[in-house]
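Structure first, then comments.
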Amino acid sequence: MRYQVRQGVLQSTRIISPAPISSSTLSTIQDCINNDARRLFDQNPASCDTVAWNSIINGLIRHNQVQRAHQLFDQMPVRNVVSWNTMMSGLSDPRQLHQLFLQMNRAGERPNQFTFSTLISGFLNRFHVILVPQLHALILHLGLHSNVFVASALMRGYTQLRDRHGLCHVFDDVLIKDVSTWNALVVGYMDLGFTVEAQIAFDMMPEVNIISWTTLVNGYIKNRNINQARSIFNQMTQKNVVSWTAMIKGYVQHDKYVDAIQVFISMLKSGTHPNHFTFSTLLDACAGCSMFLFGKQLHSCIFKSGMCCEVVLLTSLIDMYTKCGDIEAALCIFGCMENKNTVSWNSIIGGCARHGLAKRALREFEKMTESGVKPDHVTYINLLSACVHGGLVEEGERHFHSMGVTYGIQAAMKHYTCMVDLYGKAGALDKAEKLVKEMPFEPDAGVWGALLAACGLHSCYELGEFAANGLDNLARQNASIYSMLMKLHGEKGAWSRVIEMRNKMTETSGKKQKAGSRIEFLLIQNHK
DNA sequence: ATAGGGTTAG
């Protein structure tokens with residue numbers, strides 16, 4: 001596929017060339033080999049040695065047949081440390097991983113460097129990361145701390161625990177550090193917000209690679225210094241699809257959509273091919289500022305490139321279409337999706353809500369639960385906001401109460417905001433008030449704002465002042481509070497207070513923000 | 001026969 005920008009339109013053309021053996025052909029060949037191995041193994045497992053058992057188990061894991069792998073693992077006559085490590089690499093649930101590790105120790109098998117790098121990696125982003133210091137102690141005891149794989153896993157763990165000293169200790173204990181070790185240090189410093197230290201570490205590195213550079217760029221983006229990120233990005237002598245995508249993502253995160261697209265165009269001009277990460281990011285940009293035409297052009301590029309078969313990308317497309325106003329297109333893609341996960345369902349439910357299709361949103365929710373996909377807290381935010389748009393008080397109440405009972409999802413601030421909004425818009429101000437007063441935490445600006453808006457809508461002075469006080473106490477002074485109170489006072493005929501509110505409003509210098517729109521072609525035309 | 005560091009969606 002080749003991409004070019006012609007007359008302001010992103011175009012792609014298919015390049016026909018003799019195909020070498022594709023990766024799918026290779027994996028088919030690999031599968032045949034694996035199947036042959038399986039057949040030999042199945043004929044007489046008893047004659048196979050531990051190495052053969054391990055290979056089979058590894059093959060099954062690589063082909064996502066973890067259950068079968070586990071069965072064979074349990075049947076093995078003799079297990080060695082590789083068997084345990086291989087089995088551990090197949091487990092994604094940290095609890096199972098933990099259990100297997102304990103079992104391994106009970107069986108008298110001594111863990112090695114492979115064990116710890118696998119184990120710790122499986123604990124990252126999970127509650128179990130809390131075990132990292134204990135594992136570190138064990139690693140030191142066994143003398144495995146100088147292994148670069150173990151060290152980088154530990155460094156990521158300490159970074160997640162926000163333990164700067166832990167991070168540095170692990171790094172210092174590695175005798176022969178390689179690029180990855182240094183990169184892990186830069187990532188760690190950046191994640192913990194120490195940009196200066198990260199930069200110093202980067203400057204001290206004996207050798208840097210493209211990953212080091214991208215790490216640095218990403219670090220500055222995470223630390224909200226997009227200009228520094230760009231400056232580093234410009235210094236890169238080599239860029240690949242990952243670094244380009246990171247820069248684009250940085251601009252999208254900072255709502256700088258024009259810059260994001262300009263970087264994308266430079267990327268195409270440099271001859272780097274976008275991948276599904278790049279397209280997801282760009283679709284996110286389209287959703288962010290309603291670039292409908294550009295979004296459709298991207299869809300066309302994705303379609304022609306033949307890459308569109310994966311959940312994340314399709315979900316990005318759905319989100320782009322709903323946020324650009326084309327709910328029909330979104331529903332169409334959603335209907336064709338083979339694998340839907342919680343996020344995909346959430347985006348279609350949210351999309352229906354945004355388009356006022358409250359009943360449809362509720363129906364999609366039913367289908368979601370029927371298909372066995374578990375809803376999460378976002379599902380309920382979207383579902384409840386659909387109820388708000390549709391004025392479906394009873395449905396909203398029912399779901400609000402059942403989310404905890406059926407799925408164990410605790411109602412958070414956002415859910416309460418939706419409910420206050422739902423009651424408020426429907427005129428059930430007594431219920432809205434009751435909910436605000438009985439909430440398990442202090443209401444935030446969103447909750448008070450929803451209540452105040454409801455009071456404005458239904459001319460409820462007493463409660464309106466209560467809500468305005470709540471907002472005031474949060475020191476979130478803004479013109480909308482006074483504008484609402486002004487309206488309420490005005491309806492009562494309390495003109496002196498109307499003037500008072502009016503003055504306060506101008507003091508807080510609240511000017512209504514102007515509505516705006518973007519014409520996507522200008523972005524590209526400007527660039528030419 | 002086993003392992004690490006940079007980019008994606010609500």
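Proteins get letters first, then strands, A, B, ... in listed order; numbering begins at 1 in each. The basis for the numbers below is simple: all heavy atoms, side chains too, and nothing from hydrogens, waters or symmetry mates. In this text, all values refer to a predicted model and were calculated from it rather than measured experimentally.
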What is the nucleic acid contact for A/V217, judged by heavy atoms within less than 4.0 Å: base, sugar-phosphate only, or nothing?
nothing
Okay, side chain of A/H136, backbone of A/V132: is any donor-acceptor separation there less than 3.5 Å?
no
Expressed as a whole number of angstroms, how long is the span from A/I120:CD1 to B/dA3:C1'?
11 Å
Among residues 222-231 of chain A, which contact DNA chain B at a heavy-atom distance under 4.0 Å?
none
Measure the distance from CG on A/N147 to P on B/dT2 and round it to the nearest whole Å.
16 Å
Any idea which of B/dT7, B/dT2, B/dG6 is nearest the A/N275 side chain?
B/dT7
For A/M190 and A/N223, work out which heavy atoms get closest and say how close.
O-ND2, 3.0 Å
Of all the choices, B/dT2, B/dT8, B/dG6, which nucleotide is nearest to the side chain of A/N58 once you look at every atom?
B/dT2
Check A/A246 against A/T214 and note the closest heavy-atom contact, atom names and distance.
CB-CG2, 4.2 Å
Among the candidates B/dT8, B/dA3, B/dG6, find the nucleotide nearest to the side-chain atoms of A/N240.
B/dG6
Over how many whole Å does the gap from A/M155 atom CE to B/dG6 atom P extend?
11 Å
Counting the atoms with a prime plus P, OP1 and OP2 as sugar-phosphate, which does A/T342 contact under 4.0 Å by heavy atoms, base, sugar-phosphate, or nothing?
base
Quick one: A/I211 CD1 to B/dT7 P, roughly how many Å, whole number?
10 Å
State whether the number of non-hydrogen atoms from other residues, nucleotides or ligands found under 6.0 Å of A/Q67 atom CD is greater than 12.
no
If you only use heavy atoms from C-beta on, which nucleotide in B/dA9, B/dT2, B/dT7 is closest to the side chain of A/T86?
B/dT2
Step by step, work out the side chain to side chain contact (heavy atoms under 4.5 Å, CB included) result for A/F279 and A/C301.
CA-CA 9 Å; A/F279 281 120; A/C301 290; 4.0 Å; yes
Candidates A/N85, A/N80, A/T86 - the one meeting side-chain hydrogen bond (donor to acceptor under 3.5 Å, both in side chains) with A/N54:
A/N80
What nucleic acid atoms does A/T315 come within less than 4.0 Å of, heavy atoms only: base, sugar-phosphate, or nothing?
base
Residue A/S117, side-chain heavy atoms: nucleotide from B/dA1, B/dT7, B/dA3 that is nearest
B/dA3
For A/N234, what residues pass the side chain to side chain donor-acceptor pair (under 3.5 Å) criterion, not counting sequence neighbours?
A/R230
Expressed as a whole number of angstroms, how long is the span from A/L298:CG to B/dA9:P?
15 Å
Out of B/dT2, B/dG6, B/dA1, which has the shortest distance to the side chain of A/N85?
B/dT2
Less than 4.5 Å apart, side chain to side chain, heavy atoms only: is that true for A/S344 and A/V311?
yes
Closest to the side chain of A/H276, out of B/dT8, B/dG6, B/dA3, is B/dT8
What does A/T181 touch in the nucleic acid at a heavy-atom separation under 4.0 angstrom: a base, only the sugar-phosphate, or nothing?
base
Quick test of your reading of the model: are A/D284 and A/K249 salt-bridged, counting only N-O distances below 4.0 Å?
yes
Using the side-chain heavy atoms of A/A246, tell me which of these nucleotides is nearest: B/dG4, B/dT7, B/dT8.
B/dT7
Using a heavy-atom cut-off of under 4.0 Å over every strand shown, decide if A/D284 touches base, sugar-phosphate, or nothing.
sugar-phosphate
Using only heavy-atom distances, decide whether a donor-acceptor pair under 3.5 angstrom links the side-chain of A/T214 to the base of B/dG6.
yes
Would you call A/F149 stacked on B/dG4, i.e. ring centres under 5.5 Å apart with the planes less than 30° off parallel?
no
Near-strand residues of residues 93-111 of chain A, defined as heavy-atom separation under 4.0 angstrom from DNA chain B:
none
Looking for any heavy atom pair under 4.0 Å, which part of the strands does A/S89 touch: base, sugar-phosphate only, or nothing?
nothing
Check step by step if salt bridge (charged side-chain N to carboxylate O under 4.0 Å, His left out) holds for A/K367 and A/E364.
CA-CA 5 Å; A/K367 283 196 246 168; A/E364 295 299 338; 3.4 Å; yes
Value in whole Å for how far the P atom of B/dA9 lies from NZ of A/K323
11 Å
May I ask you to verify whether the side chain of A/N341 and the base of B/dA9 hold a donor-acceptor pair under 3.5 Å?
yes
Would the base of B/dG6 count as contacting A/N209 through its side chain, where contact means a donor and an acceptor less than 3.5 Å apart?
no
Minimum-distance nucleotide to A/E310 side chain [options: B/dA1, B/dG4, B/dT8]
B/dT8
Under 4.0 Å from OP1 or OP2 of B/dA9: is there any side-chain N or O of A/K249 that close?
yes
Between B/dA3, B/dA9, B/dG6, which nucleotide has the shortest distance from any of its atoms to the side chain of A/Q113?
B/dA3
Could you tell me whether the side chain of A/F149 reaches within less than 4.5 Å of the side chain of A/Q113, counting heavy atoms only?
no
Mind calculating the distance between CG (A/L144) and C1' (B/dA3) to the nearest angstrom?
13 Å
Hey, what's the ring geometry for A/H128 with A/H98, parallel, tilted or perpendicular (30° and 60° as the breaks)?
perpendicular
Rounded to whole angstrom units, what separation is found between the CD1 atom of A/I248 and the P atom of B/dT8?
12 Å
